[in-house]
Amino acid sequence: MTTIAQLPPVSTVGADDLLPLSQTGLLYSVTVSQLTANLQPMISVPTGELLGRNSTGSGGPEAIAVGTGLALNAGTLVANGTDHAGFPVQASLSLSDDVVISANGAPGLMPVTALRGLFSAGSGLAIDANGVISVTASSVAGPAGPQGPAGPQGPAGATGPAGPAGPGLGGPAAGNSASSIGASDYIALWQNGALAWMPYGQFLGGQTIDQLPAAGPVADADELLVAQGGNTLSVQNFGALWTYVQNKLPTAQAQVVELTTNTVLDSTRHNNRILVASNALTLTANFTNMGPGFSCRLINLASGEVTMGTGITSGSGSKTLPPGAETSLLGLSYSGGSLVWWSGVVPNAPTITVGSIVAPAQNASFVIAGGIFNDAPTALDYSTDGGTTWIAATSPVITTNAYSFTAAGLMAGTYSIQVRDHNNPAVLGVSNSFTIYPPTITLDTLPATVAVNSVLTLSGTVAPAGAAVQVGLSASATTAPSSWSNATVSNSTWTASLTPASTGTFYIWAQQEADTAVNTLSAAVSVVAASLSVTAPSTGTAGTALTVSGSVSPTADTVNVVLDTQNSTAPTSGWAAATNNAGSFSASLTPTAGGTYYVWAEDTATGLSAVSGAITVAAGATLTYGFNNPGGSYVHGVSTIPLNGSITPAQNVPTQVALSTSNTVAPSTGWQAASIIYSNSLWAAYVTTPATAGDYYVWVETTSGGSVAVSSFTVTVT
């Protein structure tokens, strides 16, 4: 007997083909179409579709749309909460409101009034049905009433009856709102473990600082509030404060004010100061701007006299303060009037002063000048060692009240110059102290490698300040350059530039022009021919990064790269920095569309540029934009609308978004750039809410105007 397995297989099956069928014990034939007539047909469902049955009656499955607040994610229906955005905002809770809760994992509603059950009133407090918290006045006991009078004393009689109970101290009614506070109002306090009340009139007298009476003249016993070592207040009297001030007075120092031009005295700048006149000048005074009690000390360190001008009265009638003299000026008011007074008493002894000396360079001659008073020297001597050794001044210029001459240079060290009348050695003056430093020069660090014919910027320091500096280029660390260039010197710093004209190893020299023994030189600098090259793959795909590389010399130079559609002229914008590793650089560049491209590279230091061979970039895979409905309603002209959607296949393509009331005509304005996120699979943008209310479609396209898509839904703007 032949078995089914032994039968030859058929290549195709048709609806009219027969199969054996056993029915009520008899064998019949049945067609394939009869056998499958009542079976469910094969269902073909696209990815991302949800099937169900939303029509009445029996029938096949139908597609079901996922509403706002739901999303189909990897076969699972999940809530994303976007339906909440459309809920109305309620400014405050009402007793009739309900809140959504989770009770043992199941959702439920709870009346707002039930929240009150989470709280209980403490001692002396109550919460009524409306949620108002109040003080229970009966829980606060008032003080005991006064003792009643004793009854009349009889012979060995009993004590009189107790007096009537006092009214006690009742607390205020709960829920009152005070607009002002008076002395008879009460303040709650905690006393001896219980609540109590105190009249406001007893609280610091119930007075604010502007209500306090005016105090009389301060005495040592008067007290102030102070905080010592914390925020706890204590009292301190004025007598102790005066002791504190007295201890501080010895450390107070008068301010020194230098006068260089004619000056009008005033209390703001000159009172209680030490005034030093460094130039011959005239002082005047306006008593109104000084006042009684004004005082200052004046010292004349100029080479000429200080003249007492308008508003200054002299006790002796003298009008001038000679060089090297000092005096005091006082503002006085008395029965005879008000005036600015000085004694006018000045020394008549011959005087020589020495003007301020700025430290010269080592071994450099310098000028000594000063003033003469009541003396007529014909020759001058000076000393640089404190008077041990005296040197005759060469060709001094001597007038009635001044002198000057040139002194020989000094070695490094600290000095104070003395000048005397050669004919009367007792008449001498002493200068300020100054320090001469040995000459130095420094050169800031230079790059180890530079390009030939490129400008090399140099800088450094020099002492003494202002000394002339020159720089040069030498192939030797021991032989000075054959030619020099002058540097620009500013105080103690200098700058210069050199341009190497040939390749090789060189040293930069810097030296002081006045003393070439004061010099310095750089470490070896390698001067190389500048070069730049760049390579790129010959093919690529739009939206996919291209890896480019190249080399640069000097090796430390910064290299920028950019993609362009031509190879004849270097682009002027769009450059991005490459990563440079010891002269080998690399970068990633992404073409946004298909076409022919070139990679340009530029050395920012030398200005060299290079361009790669042609890159054939194929267009990216067909791009499709999707949309996610943000839901909700938005107010026109306020804030933004969060929009996003899919990019299929995922790729980093510049994308723009706009809104329009039409879904057939693309917007002409209002496009905004979108961000490409989630591994280039999602576009997103916060789009400005339109200024006009209405229903708006979302339009998305590439920035070049391709792959245009429009949403099937609208966003409501109210």
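Throughout, numbering of the chain's residues begins at 1 and tracks the sequence.
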Report task. Calculate, to the nearest 0.5 Å, the distance between atoms CG and OH belonging to Asn567 and Tyr597 respectively. Result -> 14.5 Å
Requested in this report: Apply side-chain hydrogen bond (donor to acceptor under 3.5 Å, both in side chains) to Asp603 and Thr606, showing your working.
Outcome: CA-CA 6 Å; Asp603 183 338; Thr606 64; 3.1 Å; yes
Query - Criterion side-chain hydrogen bond (donor to acceptor under 3.5 Å, both in side chains) on Thr31 and Ser33, from CA distance to verdict - result: CA-CA 5 Å; Thr31 65; Ser33 61; 3.1 Å; yes
Report task. Ignoring hydrogens and angles, tell me if any N or O in the side chain of Ser679 forms a donor-acceptor pair with the backbone of Ser681 under 3.5 Å. Result -> no
Report summary line: In short, Ala570 meets Trp575 closest at the heavy-atom pair CB-CZ2, 4.5 Å
**Report entry** Distance, nearest 0.5 Å, that separates CG of Asn680 from CD1 of Ile647
**Finding:** 7.0 Å
**Report entry** Ser526 side chain to Thr449 backbone, donor-acceptor under 3.5 Å
**Finding:** no
Query raised in the report: Hey, are the side chains of Pro537 and Thr547 touching, using non-hydrogen atoms and a 4.5 Å cut-off?
Result: no
Query - Nearest-0.5 Å distance that lies between atom CH2 in Trp600 and atom OG in Ser609 - result: 5.5 Å
Query raised in the report: Between Val653 and Thr655, is any pair of side-chain heavy atoms under 4.5 Å apart?
Result: yes
**Report entry** Neighbour count above 12 (heavy atom, 6.0 Å) for Phe713 CZ
**Finding:** yes
Report task. Determine yes or no for a side-chain-to-main-chain donor-acceptor pair under 3.5 angstrom, with Gln512 supplying the side chain and Ala468 the backbone. Result -> no
Query raised in the report: Within the distance-only criterion (no hydrogens, no angle test), does the side chain of Asn580 pair as donor or acceptor with the backbone N or O of Gly583 below 3.5 angstrom?
Result: yes
Query raised in the report: When rounded to the nearest 0.5 angstrom, what distance separates OG in Ser646 from CG in Leu682?
Result: 7.5 Å
Requested in this report: Measure the spacing between CG of Leu498 and CH2 of Trp509 and express it to the nearest 0.5 Å.
Outcome: 14.0 Å
Query - Nearest heavy-atom neighbours spanning Asp444 and Gly460 - result: OD2-N, 3.7 Å
Query raised in the report: Looking just at side-chain N and O atoms, do Thr495 and Ser459 make a donor-acceptor pair shorter than 3.5 Å?
Result: no
Requested in this report: Decide side-chain hydrogen bond (donor to acceptor under 3.5 Å, both in side chains) for Thr689 and Ser639; before the verdict, give the C-alpha distance in whole Å, the side-chain angles of both, and the deciding distance to 0.1 Å.
Outcome: CA-CA 6 Å; Thr689 307; Ser639 189; 5.7 Å; no
Query raised in the report: Under the 3.5 angstrom rule, does the side chain of Ser497 hit a backbone N or O of Leu456 as a donor-acceptor pair?
Result: no
Query raised in the report: What heavy-atom pair brings Asn491 and Val489 nearest, and what distance separates the two atoms?
Result: O-CG1, 3.7 Å
Query raised in the report: Does Ser568 offer a backbone N or O that forms a donor-acceptor pair with the side chain of Gln566 under 3.5 Å?
Result: yes
Query raised in the report: How about Pro591 and Leu546: do any of their side-chain heavy atoms sit closer than 4.5 Å?
Result: yes
Query - Evaluation steps, side-chain contact (heavy atoms from CB on, under 4.5 Å), between Val527 and Thr505 - result: CA-CA 6 Å; Val527 180; Thr505 300; over 6 Å; no
Requested in this report: With the side chain counted from C-beta on, respond yes when Gln362 and Tyr437 share a heavy-atom pair under 4.5 Å apart, and no when they do not.
Outcome: no
Query raised in the report: Short question: side chain of Ser612, backbone of Thr535 - any donor-acceptor pair under 3.5 Å?
Result: no
Query raised in the report: Side-chain contact, heavy-atom cut-off 4.5 Å: Thr520 with Thr442?
Result: no
Query raised in the report: Hey, mind stepping through Thr648 and Thr624 against side-chain hydrogen bond (donor to acceptor under 3.5 Å, both in side chains) and telling me if it holds?
Result: CA-CA 5 Å; Thr648 307; Thr624 302; over 6 Å; no
Requested in this report: Count the heavy atoms of every other residue, nucleotide or ligand shown that sit under 6.0 Å from CG of Asp695, and state whether that count exceeds 12.
Outcome: yes
Report task. Would you check if Leu446 and Leu458 make a side-chain contact, meaning some heavy-atom pair closer than 4.5 Å? Result -> yes
**Report entry** Considering all heavy atoms, the nearest Pro630-Val715 contact
**Finding:** CG-CG2, 3.9 Å
Query - Donor-acceptor pair, side chain of Asn519 and main chain of Thr516, under 3.5 angstrom - result: yes
Requested in this report: I would like to know whether Tyr598 and Thr565 meet side-chain contact (heavy atoms from CB on, under 4.5 Å); could you show each step before the answer?
Outcome: CA-CA 6 Å; Tyr598 302 87; Thr565 57; 6.0 Å; no
Query raised in the report: Can a donor-acceptor pair be found between the side chains of Ser662 and Ser660 at a distance below 3.5 Å?
Result: no
Query raised in the report: Is there a donor-acceptor pair closer than 3.5 Å between any side-chain N or O of Ser476 and the backbone N or O of Thr478?
Result: yes
Report task. In sequence, state the C-alpha distance, the side-chain angles, and the governing distance for Leu443 and Ile508, and then conclude on side-chain contact (heavy atoms from CB on, under 4.5 Å). Result -> CA-CA 9 Å; Leu443 174 63; Ile508 311 301; 4.1 Å; yes
**Report entry** Gap separating the OG1 atom of Thr640 from the CD atom of Gln672, nearest 0.5 angstrom
**Finding:** 8.5 Å
Query raised in the report: In this structure, which one of Trp699, Tyr625, Tyr686, Trp683 forms a side-chain contact (heavy atoms from CB on, under 4.5 Å) with Val657?
Result: Trp683
Report task. Would you mind reporting whether Thr541 and Val617 have side-chain heavy atoms less than 4.5 Å apart? Result -> no
**Report entry** Heavy-atom closest contact (Ala578 atom, Phe585 atom, distance)
**Finding:** CB-CD1, 3.9 Å
Query - Non-hydrogen side-chain atoms of His636 and Pro690 separated by less than 4.5 Å - result: no
Query raised in the report: How far apart are the closest heavy atoms of Ala577 and Asn560, and which atoms are they?
Result: CA-OD1, 3.3 Å
**Report entry** side-chain contact (heavy atoms from CB on, under 4.5 Å) between Thr590 and Thr544, intermediate numbers included
**Finding:** CA-CA 6 Å; Thr590 303; Thr544 302; 5.9 Å; no
Report task. Identify which one of Leu659, Asn629, Asn628 satisfies the side-chain contact (heavy atoms from CB on, under 4.5 Å) criterion when paired with Leu643. Result -> Leu659
